[in-house]
Participant: 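One structure, pasted below without further comment.
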Number of protein chains: 2
Amino acid sequence: MRDTITLYQHGTLAMLVAGLFEGTLPLGELLEHGDTGIGTADSLDGEMVIVDGQAYKVQGSGKVVPLTPDTKVPFASVHFMDAQETRSLVGVTDEQLKEQLQAEMKMDNVFVGVRIDGTFSHMHTRAVNKQVRPFPNLTAATRVQPEFEQDQVSGSVVGYFSPHLFQGATVGGFHWHFINTTRDFGGHILDFTVNQAEISVQVLENMVQHLPITNTEFRAKNMALDSLNKDIDEAEH
Amino acid sequence: MRDTITLYQHGTLAMLVAGLFEGTLPLGELLEHGDTGIGTADSLDGEMVIVDGQAYKVQGSGKVVPLTPDTKVPFASVHFMDAQETRSLVGVTDEQLKEQLQAEMKMDNVFVGVRIDGTFSHMHTRAVNKQVRPFPNLTAATRVQPEFEQDQVSGSVVGYFSPHLFQGATVGGFHWHFINTTRDFGGHILDFTVNQAEISVQVLENMVQHLPITNTEFRAKNMALDSLNKDIDEAEH
């Protein structure tokens, strides 16, 4: 049975911050836990978006590549889509939408899955470049990130709101990626304006944190927690 | 099938820190996810220990009370015991044991379940007093905590090592409770010296964070994350 109340996360943001970019879970196994989600690919090769059970990575070149089940991912979050509440959006920006959702849903302390399908009068994204070993840390890896913009684009926003308590394990607050309908434009969202769209929000009761416990590099790594929040602010926002 | 690779946690330490002491999950439901664990009871009424599927609370008076499945708990962690590795301990203190485990197991980044059965030449515990509404925050509630000591006591230490990344969601580092064999002494462990014992350690691949998403007090609460680490240090150590 599809578990529609659980956010499943493999790896942590802190692992990326520390430079652990190696894929540690096959996408096929990740997709047993959800058909919708976001993440990154092995070697930090792009921004991953999962819609309707199909994963894509948006690479630093802007190219969108569908991923096969054997692809390994270092960090990803998925859930099974089951919209508890949908509503129509017209003309709002991402900042206005965030404020609306937070004011109406009292969601500060819970995990929420979000998907928005429709047309966007503006969509502004970025994508990280693939890294090579020896891997730098995330701050260094994301210092230069190509940005992309399209107007009047139709597609899907997929992502999560996570309580700030879990900042470090994941991104606290909203974190969402985009992929267009023709699957040739997307990335980590910087900002957008909705033209017309439907939004689905799903409050998730469980957050499963799955860790690559047999990965020796992960087991031995010093996670440098003292500078974690500063590093995340620099890399993710 | 018993899931022996998962730590299941209901509620968060941050919720206690903020004064959310109301039980939000029946013990019967909690025990579907594990037969071994620790936590606290409704209204912060004591230190909970779960061994072999039976839960007890050690109250501020020192009294040990077995709990029934309808008891509600605000915060608890459980797993199904399946010792992957056991070893004998003779004459070590809790501090020596922690150092040994961390040095040998490279456990800093993973969740580990621990159970120690045997005799202890010294066991020093404390237990929190039941609180009444309007609930104070955890720092105020734990300012005065009765302490208990016994020598040459046999019983079980139950608890977890959690990565410091998850400090706030839970207690980062080691957190363990004790209950003696005759079920009339125990509590939150301050320190101990093993006489002779067997220790079982279990590296857990998943941490399920379950949240009381339908509890309106929880949904509306400001978690005061800025002072969280300071508050935890004051209340838990």
Side-chain angles (χ1 to χ4, degrees), chain A residues 3 5-15 17-18 20 24-25 29 33 84 102-112 162-170 172-173 202-226 228-229 232, chain B residues 3 5-15 17-18 20 24-25 29 33 84 102-112 162-170 172-173 202-226 228-229 232:
Chain A
D3 170 354
I5 59 167
T6 298
L7 167 55
Y8 181 92
Q9 176 169 293
H10 173 71
T12 64
L13 179 57
M15 290 167 58
V17 169
L20 296 173
T24 42
L25 186 74
E29 288 182 34
H33 303 278
Q84 295 155 340
Q102 284 184 278
E104 290 167 24
M105 291 191 58
K106 291 204 182 300
M107 57 201 278
D108 284 0
N109 298 326
V110 295
F111 293 92
V112 181
S162 299
H164 285 280
L165 177 60
F166 293 89
Q167 165 89 337
T170 187
Q202 193 170 342
V203 175
L204 300 160
E205 194 167 329
N206 298 304
M207 194 281 270
V208 176
Q209 175 64 67
H210 178 255
L211 295 171
I213 60 168
T214 58
N215 183 284
T216 52
E217 214 178 356
F218 165 64
R219 287 293 284 267
K221 195 76 179 181
N222 180 336
M223 289 292 171
L225 297 182
D226 287 345
L228 187 64
N229 280 330
I232 291 172
Chain B
D3 170 355
I5 59 168
T6 298
L7 167 55
Y8 181 91
Q9 176 169 292
H10 173 71
T12 64
L13 179 58
M15 288 166 59
V17 170
L20 295 173
T24 42
L25 186 76
E29 288 182 35
H33 302 278
Q84 295 155 341
Q102 285 185 277
E104 290 168 23
M105 290 191 58
K106 291 204 183 302
M107 59 201 278
D108 284 0
N109 299 325
V110 295
F111 293 92
V112 181
S162 300
H164 285 279
L165 177 60
F166 293 88
Q167 165 89 338
T170 187
Q202 194 171 340
V203 175
L204 300 160
E205 194 167 326
N206 299 304
M207 194 281 270
V208 176
Q209 174 64 66
H210 178 255
L211 295 171
I213 60 168
T214 58
N215 183 285
T216 52
E217 216 178 355
F218 165 64
R219 287 293 286 265
K221 195 75 178 181
N222 181 336
M223 290 293 169
L225 298 182
D226 288 345
L228 187 64
N229 280 330
I232 292 172

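Only heavy atoms go into these numbers, but all of them, side chains included; no hydrogens, no water, no symmetry mates. In what follows, chains carry the letters A, B, and so on, assigned in the order in which the sequence lines appear, proteins first and then strands, with residues in each chain numbered from 1.
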Participant: Given the options Ile213(B), Val208(B), Leu228(B), which has more heavy-atom pairs under 4.5 Å with chain A than any of the others?
Facilitator: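 Of Ile213(B), Val208(B), Leu228(B), Ile213(B) has the most heavy-atom pairs under 4.5 Å with chain A.
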Participant: Heavy atoms only, distances under 4.5 angstrom: which of Thr214(B), Asn222(B), Val203(B) has the most pairs with chain A? Name it, please.
Facilitator: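 The candidate making the most pairs under 4.5 Å is Val203(B).
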Participant: Answer with side chain, backbone, both or neither: which region of Leu7(A) has an atom nearer than 4.5 Å to a non-hydrogen atom of chain B?
Facilitator: neither
Participant: Can you confirm whether Phe111(B) sits close enough to Leu211(A) that some side-chain heavy atom of one is under 4.5 Å from a side-chain heavy atom of the other?
Facilitator: yes
Participant: Would you check if Asn109(A) and Met223(B) make a side-chain contact, meaning some heavy-atom pair closer than 4.5 Å?
Facilitator: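 Counting from C-beta outward, Asn109(A) and Met223(B) do come under 4.5 Å.
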Participant: Using the rule given for side-chain contact (heavy atoms from CB on, under 4.5 Å), can you reason through Asn206(B) versus Gln209(A), listing the C-alpha separation, both sets of side-chain angles and the distance that settles it, and then say yes or no?
Facilitator: CA-CA 5 Å; Asn206(B) 299 304; Gln209(A) 175 64 67; over 6 Å; no
Participant: Rounded to the nearest 0.5 Å, how far apart are NZ of Lys106(A) and NZ of Lys221(B)?
Facilitator: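 With rounding to 0.5 Å, NZ (Lys106(A)) is 12.5 Å from NZ (Lys221(B)).
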Participant: As an exercise: rank Pro212(A), Ala220(A), Ala169(A) by heavy-atom pairs under 4.5 Å with chain B and give me the winner.
Facilitator: Ala169(A)
Participant: Check for a donor-acceptor pair, side chain of Arg219(A) on one end and backbone N or O of Met105(B) on the other, with a separation under 3.5 Å.
Facilitator: yes
Participant: Hey, are the side chains of Glu205(B) and His210(A) touching, using non-hydrogen atoms and a 4.5 Å cut-off?
Facilitator: yes
Participant: Non-hydrogen atoms of chain B under 4.5 Å away: do they reach the side chain of Thr12(A), the backbone, both or neither?
Facilitator: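 Side chain only.
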Participant: With a 4.5 angstrom heavy-atom cut-off, could you sort out which part of Leu165(B) is near chain A: side chain, backbone, both or neither?
Facilitator: both
